[in-house]
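Because the structure is a prediction, the values reported are computed rather than measured. Numbering of residues begins at 1 and proceeds along the displayed sequence.
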Amino acid sequence: MEEAEPKREQNLVKVGMEAWNQSFGATCKVRLIHILKNLHTAEIKIYSDASREFIELLDGDPEGEVLREYVQQSPRLVELAEAWRLHREKPGMAYILSLFATVLGHPGGKLRRHGLVKKSLDGVARMILEDKEKMGDVYLELNSGEFRRQNAALDLLAAFVRRGGGLASEIAKSFDFKMAV
């Protein structure tokens, strides 16, 4: 079974590489594909570095071109969702939550002119909110007692709230405000 996951990683990366059009900078494309591949490794140092590198890539692109290109090729953020699944309840989950918070909170993903990107990211945020396991992961990080893990979970929740009133309302209805955190 160990052999199936690396093959899946290769397929995700291969499909992504073939799908991206030529207008997207080749250097950026190769870097992003490398990052996405590294997010799926079992080694915490590799996937935490990949997560940080993706965050830096997005932070260095205030116009949101990297985000727009990625979301157009992967509207449901399947590579990131798979990384979440692979790292559930393992050390370093905070890196994955921080990455999701950055992607969902990026200003370029909220612009009307990027309507399809906004719609896709809203859908991903809603999917996370409706998934009991994923929200369980968020609560697990909140209850961890570790500042870095708690901060990552709070950043993700804040990213949901900043996406709009509908998501903010869902957070307000479902969040356990009686938690010690």
Restricting to non-hydrogen atoms, name the atom on Ala50 and the atom on Asn38 that form the minimum distance, rounded to 0.1 Å.
CB-CB, 3.6 Å
So, do His87 and Tyr47 have ring centers that fall under 6.0 Å from each other?
yes
Would Leu36 and Leu80 count as a side chain to side chain contact (heavy atoms under 4.5 Å, CB included) here? Give the steps.
CA-CA 8 Å; Leu36 294 172; Leu80 300 185; 4.1 Å; yes
Say you draw a straight line from CG of Leu86 to CG of Leu39; how long is it, rounded to the nearest 0.5 Å?
10.0 Å
Treat each ILVMFWY residue as a node, draw an edge where side-chain heavy atoms are under 4.5 Å apart, and state whether Ile46 and Ile33 are in one component.
no
Rounded at 0.5 Å granularity, tell me how far CG in Leu142 sits from CE in Met135.
8.0 Å
Shared hydrophobic cluster, Tyr139 / Leu167 (ILVMFWY, side-chain heavy atoms < 4.5 Å):
yes
When the aromatic ring centroids of Phe100 and Phe54 are compared, is their separation below 6.0 Å?
no
Output for pair (Leu97 CG, Arg148 CZ), nearest 0.5 Å, gives 10.5 Å
Does Arg163 reach the side chain of Lys118, with side-chain heavy atoms less than 4.5 Å apart?
yes
Could you give the distance from CD1 (Ile55) to CG (Leu99), rounded to the nearest 0.5 Å?
5.0 Å
Derivation of the side chain to side chain contact (heavy atoms under 4.5 Å, CB included) call for Tyr70 and Leu77
CA-CA 8 Å; Tyr70 175 60; Leu77 311 182; 3.4 Å; yes
Pair Ser144, Gln150 - check side-chain hydrogen bond (donor to acceptor under 3.5 Å, both in side chains), show working.
CA-CA 7 Å; Ser144 70; Gln150 292 172 330; 4.9 Å; no
Donor-acceptor check, side chain of Ser51 to backbone of Tyr95, threshold 3.5 angstrom: yes or no?
yes
Where do Leu67 and Gly108 come nearest, in terms of heavy atoms and distance?
CD2-C, 4.3 Å
Which heavy atom of Lys110 sits nearest a heavy atom of Leu104, and at what distance?
CE-O, 4.3 Å
Residue set satisfying side chain to side chain contact (heavy atoms under 4.5 Å, CB included) with Asp155, at least two apart, ordered chain then number -> Ala101, Asn151
In short, Ala94 meets Ala152 closest at the heavy-atom pair O-CB, 3.4 Å
Hey, is CD1 on Ile44 packed in by over 12 heavy atoms from elsewhere, all under 6.0 Å?
yes
Nearest non-hydrogen partners of Leu57 and Val66, listed with the distance:
CD2-CG1, 3.8 Å
Side chain proximity check, Trp84 to Ile128, heavy atoms < 4.5 angstrom
yes
I'd like to know if Glu82 pairs up with Arg85 as an ion pair, taking the criterion as any Lys NZ or Arg NE/NH1/NH2 lying under 4.0 Å from an Asp or Glu carboxylate oxygen.
yes
Going by an N to O cut-off under 4.0 Å, is there a salt bridge joining Asp49 and Arg52?
yes
Within one Ile-Leu-Val-Met-Phe-Trp-Tyr cluster: Ile96 and Met127, side-chain cutoff 4.5 Å:
yes
What distance do Phe160 atom CZ and Glu170 atom CD have between them, rounded to the nearest 0.5 Å?
10.0 Å
Quick one: does any side-chain atom of Arg76 pair with a main-chain N or O of Val71 as donor and acceptor, under 3.5 Å?
no
Pair Glu79, His40 - check side chain to side chain contact (heavy atoms under 4.5 Å, CB included), show working.
CA-CA 8 Å; Glu79 297 85 1; His40 295 157; 4.1 Å; yes
Could you grab the distance from atom CE of Met93 to atom CG of Asp137, nearest 0.5 Å is fine?
4.5 Å
Can a donor-acceptor pair be found, under 3.5 Å and without considering hydrogens, that links the side chain of Ser169 to the backbone of Gly165?
no
Salt bridge present between Glu53 and Arg31 (N-O < 4.0 angstrom):
yes
Shortest non-hydrogen separation from Gly64 to His106 and the atoms involved:
CA-CE1, 3.6 Å
Determine, stepwise, if the pair Gln72 / Leu116 fulfils side chain to side chain contact (heavy atoms under 4.5 Å, CB included).
CA-CA 8 Å; Gln72 285 177 343; Leu116 294 175; over 6 Å; no
